[in-house]
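To start, the structure under review is shown below, and the notes come after it.
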Amino acid sequence: MDFMTLPDGPLTLQNLTVPACLIGTPGDLVPIDLHLREGKISDQPGRPVDLKGAMVFPAFTDMHTHLDKGHIWPRAANPDGSFEGALRTAASDRQTHWDADDVSARMDFALRCAYAHGTRAMRTHIDSIPPQDRISWPVLQEVRASWKGRIDLQAACLVGCEAVERDGSFVQIADLVAQAGGVLGMVAYPVPDLSDRIRAFLDLAWDRGLDVDFHVDETLDPTSEALRMVAQAVLETGFENRVVVGHLCSLSMQAEDRATETMDLVASAGVHVVSLPMCNLYLQDRQHGTPRMRGIAPVHELKARGVNVSFASDNTRDPFYAYGDLDMIEVMREATRIGHLDHSAEDWVEAFTTNPARACGFELPSLKPGASADLVICRARSWTELFARPQSDRIVLRDAVQIERALPDYAELDHLMRTP
């Protein structure tokens, strides 16, 4: 239940608390009043409502998700919690179950969760190994159209780097992505000719005017250096479209001088980074009982170099991550704990709002007059109150209207979970 029901009509939300960076002022948390009128943030006052110090954020951007995999756990549980177990299980489930009806129903369910939690823009990766590409991309286009005006949805193809060639089936995938207005994506991992494949990938993207999105180095092996190769290729080819890299786990295991060189290359190349700590910690270092190595991306060091750093949900209730609900406040709470975002810079909240929007080319969120009144308001009045509880009684406004936040019942998907 929302902690307050707001009245209709033009409003002035008084006595809100906002991270100062979101309104372009110095400091940590500062008081603010917001005027709402005709779906926008306004400079004209309305009916006053005292929010008693409640924290306000612009609606969130979740820039790395897997909506096509989401919510298959009841029929496709990871057998041992490992990355290899996730790969095998997801591949088997895709081959057995992922027809258009299955993918569509699960994607819509996931989007309803994200919308209720306060997300306004998302990027999803779409498994695009033939023949799945010809099933999932038409579904994506239909779902994106049906959600227009509620969630701005982007999609990136997802294939292994060994499928990337200058001719053959990957060219057809690239054409499909371009026709759908998507983003060219791939998983980069150590293969002998990875550098050549990255360059071929960038050429195909450039020829079609596409941004690119890489999964890189989702491993604790310090010799995995796909990130370094991506940054070098971007610099050497002069690729000017947006480049996003996600995971970067092996970077945390490398010798300091080697990691430093790579991070400098990333900064020079203008590459955007997204860290995915909840999924990474779920999968990593399971073979030794209690995990010792927790390799998330070195976000502090990258941010210090001027790299645009974001955080995102990643997988949801599938073999890669058994939990999650596409809730960016949960991501923010967990990332703060895992990555020690507290006791550091005062602008980390931008890694869940402004930074991902910039990385993907979405409209930047704003609390200035004229911006859409897409807001998330939490009863919490301070960071410790915000992070201590899940804020399940938050208020979500879209175009200044308080939305219904009832989450869909998992039982809706029961008919898809029955296996022969």
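Just so you know, these numbers come straight off a predicted model, no measurement behind them.
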Heavy-atom check, side chain of Arg88 versus side chain of Glu84, under 4.5 Å | yes
Assess whether atom CD of Glu165 is packed by more than 12 heavy atoms of other residues, nucleotides or ligands within 6.0 Å.
-> yes
Geometric cation-pi criterion Arg123 and Phe362, 6.0 Å radius, 45° cone = no
Measure from NZ or CZ of Lys69 to the centre of the six-membered ring of Trp98 and say whether it is under 6.0 Å with the direction within 45° of the ring axis.
-> no
Side-chain heavy-atom pair Thr260, Glu301 within 4.5 angstrom cut-off = no
Would Arg242 count as a cation-pi partner of Phe239, with NZ or CZ less than 6.0 Å from the six-membered ring centre and within 45° of the ring normal?
-> no
Cut-off 3.5 Å, side chains only: do Glu162 and Tyr189 have a donor facing an acceptor?
-> yes
Donor-acceptor contact present, side-chain Ser250 to main-chain Thr219, <3.5 Å | no
CG (Leu397) and OG (Ser372) are apart, to the nearest 0.5 Å, by 12.0 Å
Between Ser82 and Arg286: side-chain donor-acceptor atoms closer than 3.5 Å = no
Can Arg112 be said to sit on top of Trp147's aromatic six-ring, NZ or CZ under 6.0 Å from centre and within 45° of the ring axis?
-> no
So do Asp318 and Trp73 actually touch side chain to side chain, heavy atoms under 4.5 Å?
-> no
Please output the side-chain donor-acceptor pairs of residues 36-45 that fall under 3.5 Å, not counting sequence neighbours, one pair per line with the distance.
residue : atom : partner : partner atom : Å
Arg37   : NH2  : Pro45   : O            : 2.7
Ser42   : OG   : Gln44   : N            : 2.9

Over 12 foreign heavy atoms within 6.0 Å of CZ, Arg294 | yes
Just wondering, do Leu202 and Val234 contact through their side chains at under 4.5 Å, heavy atoms?
-> yes
When rounded to the nearest 0.5 angstrom, what distance separates OG in Ser268 from CD in Gln232?
-> 11.0 Å
What do you reckon, is CZ of Arg381 surrounded by more than 12 foreign heavy atoms closer than 6.0 Å?
-> no
Give a yes or no on this: more than 12 heavy atoms of other residues, nucleotides or ligands lie within 6.0 Å of atom CZ of Arg337.
-> yes
Flag the pair His66 / Phe320 as yes when their ring centroid distance falls below 6.0 Å, and as no otherwise.
-> no
Just by modelled atom types, is the Thr290 backbone N or O under 3.5 Å from a matching donor or acceptor in the Arg292 side chain?
-> yes
Could you grab the distance from atom CG of Leu375 to atom CG of Leu34, nearest 0.5 Å is fine?
-> 6.5 Å
Start with the C-alpha gap between Phe352 and Phe60, add the side-chain angles, then the distance that decides, and say whether ring pair (Phe, Tyr, Trp, His ring centres under 6.0 Å) holds.
-> CA-CA 6 Å; Phe352 310 86; Phe60 296 101; 7.7 Å; no
Spacing of Leu341 atom CG and Thr336 atom OG1 [to the nearest 0.5 Å] = 4.5 Å
Is there a donor in the side chain of Asn78 and an acceptor in the side chain of Thr89, or the other way round, less than 3.5 Å apart?
-> no
Under 6.0 Å between the ring centres of His300 and His340?
-> no
If you measure only the distance, is there a donor-acceptor pair under 3.5 Å linking the side chains of Asp68 and Ser136?
-> no
Side-chain contact test, heavy atoms from C-beta onward, threshold under 4.5 Å: evaluate it for Arg305 versus Val266 and give yes or no.
-> no
Trp383 vs Phe57 aromatic rings, parallel, tilted or perpendicular, using cut-offs 30° and 60°?
-> tilted
